[in-house]
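Atoms within each ligand, like the ligands themselves, are counted from 1 in listed order.
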Amino acid sequence: MVQPPSAPVHQPRGLRGDYSRAAADYTVDQQWQRYTRAEHAIWATLYQRQIDLIARYAAPEFLAGVRALAASASGIPRFEDANRVLQASTGWRIVAVPGLVPEATFFEHLAHRRFPVTVWIRRPEELDYLVEPDVFHDFFGHVPLLTNPVFARFMQAYGEAGPKALATPGGLGMLARLYWYMVEFGLIRTASGVRVYGAGILSSKGETVYSIESPEPQRLDFDLVRVMRTDYRIDEFQRTYFVLDSFEQLFQACYNTDFAPMYRQYGAQPPFAADARPA
Ligand SMILES: [Fe+2]
């Protein structure tokens, strides 16, 4: 048995998942046969209302991943089915976890092309907002892009950057902002306009529309240092999104980049506010 990771400070209650059967690397069996009909129905509700929206708003690479995975619309997918697709496309696989895992464990999984996916699904009253990620967010939001070779390689490089961030003052916060803005809330330019690829957006009905249509948030060109120095809000739609020209741009900015000089230069400084305008 492993200890659950400490809950984020904004969330005084304990984490929801059952960590009692987790291995040392926090993995568990998905135990797909234990999902109830009601739990599959929650998946179906979330899936059906999101699938039409993403056809309009998601990046083509994300939609290609959704098609490749061919996940069930009517129930929680079996991770082993997705793993056959991932193995054939990029060599990644997903591993089942009880919920959030400690940063060092998370980085270790990514560095070895394993993406941790939470096994439990939200309750009916939580369709629109959830404090901890569940299987819908983790699977529907994150797994499709793991079929994309460039994005998948970026994710591995992100995991490989983890130990140095943990060892450098200010590093973890800066690396976390890169994940927040470029994995959870990223936008990308396409021939037909700006589209969404971030998992936090694409697993949220409201933010999928807001991120593209609303005049309120600012949409800034991707800038690695700016991203890593910009604070974020966890309890409302984003005030700032960063827009990539391509996944290659993100990969090139991060692959073989030593972030340590940036941590040393900026790690001790307060970040830019989430809605700060560029100088
Ligand atoms: Fe996520």
Could you list the donor-acceptor pairs under 3.5 angstrom formed between side-chain atoms of residues 271-279 and any protein atom two or more places apart in sequence or on another chain?
residue: Asp275; atom: OD2; partner: Arg239; partner atom: NH1; Å: 3.2
residue: Arg277; atom: NH1; partner: Gln218; partner atom: OE1; Å: 3.4

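- Sorting the N, O or S atoms of Glu184 by how far they are from the Fe ion (ligand 1) puts OE2 first.
- Classified by interplanar angle (parallel below 30°, tilted 30° to 60°, perpendicular above 60°), the ring pair Tyr47/Phe140 is perpendicular.
- Using cut-offs of 30° and 60° for the angle between ring planes, the Phe115 and Trp92 rings count as tilted.
- Geometry at the Fe ion (ligand 1): NE2/His137 and NE2/His142 form an angle of 100°, nearest 10 degrees.
- The distance from the Fe ion (ligand 1) to the nearest N/O/S atom of Asp138 is not under 2.8 Å.
- Note on ring orientation: taking the six-membered ring where Trp is involved, the planes of Phe107 and Tyr158 are tilted (angle from 30° to 60°).
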